[in-house]
Amino acid sequence: DALRDRRVQVAAWAGYKCVRSVLALTSVAPASSGAESVRNVGVGTGGTAVRRLGDDMEERVVAAAAKKASAKTAAVRREDLWTVHGRHYDLSDFVSSHPGGREAILLGRGRDCTALFESYHPFTDAHRRVLAKYQAVSLPGEGDNKDDPKGSKREKKEEEKDQFYEVLKERAERALREAGVDPKKDRCATPSRSIYYSFVLSAALFSARLHTRGSVLGSVSFALFGWLIGAVGHDGGHFAVSRFPLVNDAAVWAMSMLCNPVMWQHQHTYAHHSHTNDFDRDPDLHHFDLFLRVHRRFGREGIHKLQSNPFYVFAVYCLVVFGTCVKIPVGMMTTGTLYGMVDWTDRRRAGRAFLLYAHYIGYLYLAIVSPFLSGRPWYVALTCSTVHVAGAGLLFAVFSQINHLNEPALEQRCDLARTSWAASQVVHSNNFATTSRLWHVLSNGLNLQIEHHLFPGLNHCRLHLVKEEVRRTCEEYGVPYNSHESWAELMGATLGWLERLAAEDEEDAEASKSTTKKEDVQVR
């Protein structure tokens, strides 16, 4: 009874803190627009009040309201517009009608969502027809594109289709149809995939119960199935579990034991997939620079010498989930951004803010605190918490870090990748063991990373159907297709890259950059 009362108290305290945090975040409510104020004044008792004013006073009220409305409109435009191919659109009235759901389209609000716009509609032109119904909005200071020859030229260039991607889409669609798959209606999970989802979910829930009871074996199992259930969260985060948006919105929470799901959408679905391996725009390059130097643009610190030792690297990998569930979300909560490069654009939505905080507290309780409330000795509880967090982090890292953080994905050059988003995605990604079903299951489908980055809205169980067409097209266009025979081979390439950066001083890095620039000039 005492233990039960203590759990109730902890839960009540956590709920209280969560609500307080959300209220603090949303306490500054957006002011009503001037135009809305005018409308309110013109009805009911407000209308009578205005009529009692003299003509001069009424003109002043209207002028002040119009000025306020203009200022508010300018402010809203910066936060509430969708930028596609360099043009800004107000799609607010389409949000509730978006076939992919509200969360999918709101993810692109307030930022350049061109990559989302193109990559999540690869087998249809409906998105272009919808966008054509909206008039582009000019932001203050940008000028009117009709009177700006340079602006018109820039927009024309930005609107040019990615021909490499167009060919890939056409061939991928043909491959899917030849396999009896309708790329529009059947892009999500198959019945067998859904059965697998159900199995790993059941196993994750059962092992979570054992973990909270202080079972070390249960904690090990919870780490494994917490990773495997991440397949549901990953697919849901890319709107690929179901054609029903609410199902995807719920499914992304299967990421809960690996990453904060609210943060995941901004960090991964938007930023990482839009700007893969771009040092200034991909947050995944910046998560653990304190311990690992993964890119030449990071300065080499003394601790980075240790990364030449694989045991040190794997020890750092054990901290990955602690970072993505505990450390990194704090930065998003306090600053509203990830490393100043990815804005938390929906932070003023009370529901989303609540969910971010709720996950944070819930994860701490379930993963770390709950074993200490099981009645088992403290050292057993500590072992359970450590084993779970470290095990989940290690599994997450060894199947995700290897896909982008190595020399083939970071240093390889390709002319087409400078102008083609799709070619850039291919060059900056790695596949491994592409014919192995075992590795496909263990890696949550990340062994087909290239195809996933090209077609993120296609469920992982469908990616093998387009693999050969992607490889053939890359070979035809001279785009490097980084496919490794085994996980061990790719893991070795990643460790080799980290070892190289551990030994390379900054002068060597600058010399390497100079050599790269010279070679690029010769290629041109």
Side-chain angles (χ1 to χ4, degrees), residues 80-85 87-136 159 161-162 165-166 168-170 172-173 176-177 180-191 193-194 197 232-255 261-262 264-266 268-270 273-274 345-346 349 351-352 355 421-422 451-463 465-466:
D80 295 345
L81 297 179
W82 286 256
T83 302
V84 181
H85 291 297
R87 292 183 175 181
H88 314 293
Y89 299 88
D90 184 358
L91 306 177
S92 301
D93 62 351
F94 181 64
V95 169
S96 59
S97 304
H98 184 239
R102 292 174 54 86
E103 297 306 326
I105 190 171
L106 288 174
L107 187 61
R109 185 173 65 178
R111 55 181 40 140
D112 184 349
C113 57
T114 303
L116 297 178
F117 179 78
E118 295 293 350
S119 62
Y120 282 95
H121 309 93
F123 308 120
T124 179
D125 283 324
H127 58 309
R128 300 188 192 282
R129 294 194 296 270
V130 170
L131 194 66
K133 297 178 182 179
Y134 291 84
Q135 185 174 0
E159 288 178 349
K161 289 187 177 181
D162 184 339
Y165 197 31
E166 291 301 308
L168 280 171
K169 291 189 292 184
E170 179 183 345
E173 180 175 5
L176 290 169
R177 292 192 182 280
V181 176
D182 186 321
K184 299 176 185 177
K185 298 180 180 179
D186 303 326
R187 65 176 183 83
C188 298
T190 61
R193 180 75 165 172
S194 299
Y197 287 163
V232 183
H234 193 193
D235 287 337
H238 287 292
F239 324 109
V241 166
S242 171
R243 294 179 64 196
F244 296 98
L246 290 179
V247 175
N248 291 320
D249 294 344
V252 71
W253 283 83
M255 286 294 303
V262 177
W264 175 261
Q265 294 299 84
H266 296 275
H268 179 82
T269 305
Y270 168 67
H273 272 262
S274 297
T345 54
D346 56 6
R349 297 170 61 197
R352 298 298 286 177
L355 291 174
W421 173 85
E451 288 71 22
H452 170 57
H453 269 253
L454 291 171
F455 305 105
L458 197 61
N459 191 283
H460 281 80
C461 68
R462 306 289 194 185
L463 294 176
L465 298 175
V466 304

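Residue indices begin at 1 and follow the sequence shown. Both backbone and side-chain heavy atoms feed into the values below; hydrogens, waters and symmetry mates do not.
- Residues Val232 and Tyr197 approach most closely at CG2-CD2, 3.2 Å, considering heavy atoms.
- For Phe123, the ring pair (Phe, Tyr, Trp, His ring centres under 6.0 Å) partners are Phe455, not counting sequence neighbours.
- For the pair Ala240 and Gly457, the tightest heavy-atom approach, listed with the atom from each and the gap, is CB-O, 3.6 Å.
- Partners of Phe94 under the ring pair (Phe, Tyr, Trp, His ring centres under 6.0 Å) rule, at least two apart in sequence or in another chain, are His98.
- Looking at Arg109, its side chain never comes within 3.5 Å of a backbone N or O of Thr345 through a donor-acceptor pair.
- In this structure, Asp186 has no side chain to side chain donor-acceptor pair (under 3.5 Å) partners at least two apart in sequence or on a different chain.
- Interatomic distance, Leu458 CG to Arg187 CZ, rounded to the nearest 0.5 Å: 8.5 Å.
- Here His460 pairs with Asp235 under the side chain to side chain donor-acceptor pair (under 3.5 Å) rule; sequence neighbours left out.
- For Asp346, the side-chain contact (heavy atoms from CB on, under 4.5 Å) partners two or more places apart in sequence, or in a different chain, are His266, Trp344, Arg349, Arg352.
- When the side-chain contact (heavy atoms from CB on, under 4.5 Å) test is applied to Thr269, the partners found at least two apart in sequence or on another chain are Leu107, Tyr120, His238, Phe239, Trp264, Gln265.
- Every residue two or more places apart in sequence or in another chain was checked for a side chain to side chain donor-acceptor pair (under 3.5 Å) with Ser194, and none qualifies.
- Distance CG/Asn459 to NE2/His234: 10.5 Å, rounded to 0.5 Å.
- In this structure, Arg102 has no salt bridge (Lys or Arg N to Asp or Glu O under 4.0 Å) partners at least two apart in sequence or on a different chain.
- When all heavy atoms are compared, the tightest approach of Cys188 to Arg462 is O-NE, 3.6 Å.
- A heavy-atom distance below 4.5 Å is found between the side chains of Arg128 and Glu118.
- By the side-chain contact (heavy atoms from CB on, under 4.5 Å) test, Asp162 pairs with Phe164, Tyr165, Ser420, Trp421, Ala422, sequence neighbours left out.
- Side-chain contact between Leu116 and Tyr270: present, with at least one pair of heavy atoms (C-beta onward) separated by less than 4.5 Å.
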Name every donor-acceptor pair, under 3.5 Å, that has one atom in a side chain of residues 243-253 and the other anywhere in the protein, sequence neighbours excluded.
unit_1 : atom_1 : unit_2 : atom_2 : d
Asn248 : OD1    : Val241 : N      : 3.0
Asn248 : OD1    : Ser242 : N      : 3.1
Asn248 : ND2    : Ser242 : O      : 2.7

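- Considering every non-hydrogen atom in both Leu91 and Leu131, the closest pair reads CD2-CD1, 4.1 Å.
- Taking the salt bridge (Lys or Arg N to Asp or Glu O under 4.0 Å) definition, one finds that Asp93 meets it with nothing, sequence neighbours left out.
- Annotation: side chain to side chain donor-acceptor pair (under 3.5 Å) contacts of Glu166 (sequence neighbours excluded): Lys169.
- Ring-plane geometry between Phe117 and His85 is classed as perpendicular, the angle between the planes exceeding 60 degrees on a 0 to 90 degree scale with a lower cut at 30.
- Contact detail for Arg193 and Ala189: the closest heavy-atom pair is CG-CB, 3.7 Å.
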